[in-house]
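Reviewing the structure listed below.
To find a chain, count down the sequence lines: A is the first, B the second, and so on, and within it residues start at 1. No hydrogens, no waters, no symmetry mates; every other heavy atom, side chains included, goes into these values.
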Amino acid sequence: MYDAATPKRRARSHEDLLEGFARWRLAWALARGDIMHRYRGSVLGPLWMTVSTAVMLMALGFLYAKLFRLPVVEYLPWLAASLIVWNMLAQITAEACTTLTSVEGILRQMPLPYSVQALRAVLRGALMAAHNLPLILLVFLVFGITPGWGTLAAVPGLALLAVDAFWASLLLGMVCARFRDIPPIVASVMQLAFFVTPVMWKPELVRGWAAWLPLNPFFAVMETIRGPLVGTGASATVWASALLYSLLLWAVAQAFFTRFRGRVAFWV
Amino acid sequence: MGMTHIEAEGLAIEFPLYHHNARSLKKRLLAGHGRLKAEDSRVVVAALRGLSFRIERGERVALIGPNGAGKSTLLRTLAGIYEPVAGRLILEGEVGSLIDALAGMDPLLTGRENIVLRGLYRGMTEMAASRLATEIVDFAGLGEFIDLPVRGYSSGMGVRLGFALATAMAPDILLMDEWFLAGDADFMARAEERLTRLVTGSEILVIATHDMTIVRKWCTRVIRLEGGAIVADGPVAKILPDGG
């Protein structure tokens with residue numbers, strides 16, 4: 001029953017989320033299909049992601065170690081963790097923009113909870129991470145670093161990233177369907193963020209400013225994963241900031257989804 | 001849950017035309033200064049204008065009217081794809097829609113994998129979807145092609161698989177776009193029996209069509225739409241009186 005006078009938006013968005021998660025099998029099948037499509041007919045397939053990241057690491061690792069006057073054995077493993085975690089975050093954000101517009105054909109042809117598409121984006125990100133994260137371990141072993149149990153502390157950070165990816169995909173997916181100028185804006189913001197976030201450079205290089213870094217949401221979310229990986233751990237400040245920004249993202253995304261869910265079919 | 005029925009009261013759907021004229025962020029931002037306000041006036045197509053009707057259990061309704069009358073929009077609204085901007089809509093019963101059989105098909109997957117994928121779209125588990133596959137494979141009659149990627153199919157084979165997939169359900173309310181009845185003659189002979197079973201098995205049929213022979217053959221009631229409004233509604237014999 002639908003009554004435009006009392007649209008019951010809250011109940012409907014709640015139902016969408018519940019049904020979306022109930023169809024996790026579909027989201028998983030679609031995510032796998034996405035990866036398959038991307039590497040159709042290629043010999044290495046998704047391993048190309050790993051290879052291209054490895055090549056980039058080699059090139060940048062040696063060059064920037066020289067620029068920063070750091071020993072390669074110290075800098076390159078750090079960069080491996082840093083760059084791979086950043087790539088994960090950046091790719092999720094970039095793909096979030098097309099969460100809904102890329103499946104226009106489906107959205108207008110069959111009734112389906114929109115949250116399935118966000119879940120699909122998260123699972124696709126997880127699949128890509130599964131191809132890239134082991135590279136960090138490989139680099140560590142090559143440089144004679146044996147990761148300890150402390151590395152496992154990266155898991156809560158990864159979980160937080162997954163939650164953020166879900167809400168970001170839903171929010172950006174909707175906003176980008178409505179305003180087609182948003183994807184290029186997001187792209188340039190991410191490019192800027194790459195340079196102002198300590199991805200290539202170590203946080204301690206900015207000396208006095210280091211205390212302010214947690215104000216950068218990308219740094220906070222990234223550091224909850226990278227910190228434990230490189231053995232410096234994630235401070236309470238970093239976690240507080242990451243959680244606060246995630247909470248903000250959730251609140252905005254949830255509010256937007258609740259209010260405009262019914263309009264998506266007209267936007268795409 | 002009451003008896004299967006559809007009830008619409010003052011149902012309205014409006015399509016905002018957003019992207020044809022770059023109704024973008026720029027206009028939104030500039031509009032604030034007043035100069036571009038006139039340009040920013042919303043372009044809205046009223047696709048359905050205050051439709052009211054009630055379809056009871058057992059009725060087979062044909063939606064007819066010229067192109068752009070709102071037939072497909074009404075089907076999609078009944079399917080739950082579009083939310084009305086005004087009015088009320090009640091659907092009692094499980095809805096199955098045959099709007100676009102090829103939507104959601106993955107060309108890289110084999111026919112069999114696509115059947116399972118469609119099952120997942122409908123909220124089944126892989127197990128249930130695989131069981132569904134055996135029956136569909138039989139009907140589609142694609143032979144060994146069923147285990148080849150769909151992108152290698154001829155268009156006729158694609159339609160056969162799509163049809164077999166789409167019709168593998170038993171909803172209370174069946175929403176159908178007319179292409180389902182417009183296959184090649186050879187295939188339609190085989191499809192006929194299956195379609196009859198689906199149509200007679202459902203309690204309500206709503207079909208959008210241009211073809212009056214289909215209306216006479218399958219339907220008990222006609223709703224004629226024009227410009228998004230109902231201009232005639234009644235038994236087939238009354239709305240289409242001339243036997244031709």
* In Å, rounded to the nearest 0.5 Å, how long is the span from CZ of Arg261(A) to CG of Leu170(A)? -> 10.5 Å
* To do: With a 4.5 Å heavy-atom cut-off (strictly below), which parts of residues 111-123 of chain A touch chain B? List them by number.
  => Pro111(A), Leu112(A), Tyr114(A)
* To do: Enter the distance from Tyr245(A):OH to Leu160(A):CG here, rounded to the nearest 0.5 Å.
  => 13.5 Å
* Asked: Once you round to the nearest 0.5 Å, how far does CZ of Phe219(A) lie from OG1 of Thr197(A)?
  -> 9.0 Å
* Greatest number of heavy atom pairs closer than 4.5 Å to chain A - which of Leu108(B), Leu117(B), Thr125(B), Val116(B) -> Leu108(B)
* Asked: Are more than 12 heavy atoms from other residues, nucleotides or ligands located less than 6.0 Å from atom CZ of Arg38(A)?
  -> yes
* Asked: Is there any residue in residues 10-24 of chain A with a non-hydrogen atom under 4.5 Å from a non-hydrogen atom of chain B, and which ones are they?
  -> Arg12(A), Arg23(A)
* Asked: What is the ring orientation for Phe15(B) with Tyr82(B), classed by angle as parallel under 30°, tilted 30 to 60°, or perpendicular over 60°?
  -> perpendicular
* Could you give the distance from CZ (Phe145(B)) to CG (Leu161(B)), rounded to the nearest 0.5 Å? -> 12.5 Å
* **Asp172(B) versus Thr4(B), side-chain donor and acceptor atoms under 3.5 Å** => no
* Are any of the side-chain nitrogens in Glu14(B) or Arg263(A) under 4.0 Å away from the carboxylate oxygens of its partner? -> no
* **Note: Glu59(B)-Arg57(B) ion pair, threshold 4.0 Å (strictly below)** => no
* Rounded to the nearest 0.5 Å, how far does CZ of Phe195(A) lie from CE of Met190(A)? -> 12.5 Å
* Asked: Going through the checks in order, is the ring pair (Phe, Tyr, Trp, His ring centres under 6.0 Å) test met by Trp267(A) and Phe260(A)?
  -> CA-CA 10 Å; Trp267(A) 288 349; Phe260(A) 293 109; 5.7 Å; yes
* **Greatest number of heavy atom pairs closer than 4.5 Å to chain A - which of Gly87(B), Ala129(B), Ser97(B), Pro107(B)** => Gly87(B)
* Tabulate, in ascending numerical order, the residues of residues 27-35 of chain A having at least one heavy atom closer than 4.5 Å to a heavy atom of chain B, or enter 'none'. => Ala29(A), Leu30(A), Gly33(A)
* Euclidean distance, Ile182(A) CD1 relative to Cys176(A) SG, rounded to 0.5 Å -> 6.0 Å
* To do: Under 4.5 Å heavy-atom distance to chain A, tell me which part of Leu11(B) shows up: side chain, backbone, both or neither.
  => neither
* Asked: What class does the angle between the rings of Phe163(B) and Phe139(B) fall in, given that below 30° is parallel, 30 to 60° is tilted and above 60° is perpendicular?
  -> tilted
* Asked: Among all residues two or more places apart in sequence or in another chain, which pass the salt bridge (Lys or Arg N to Asp or Glu O under 4.0 Å) test with Arg25(A)?
  -> Glu126(B)
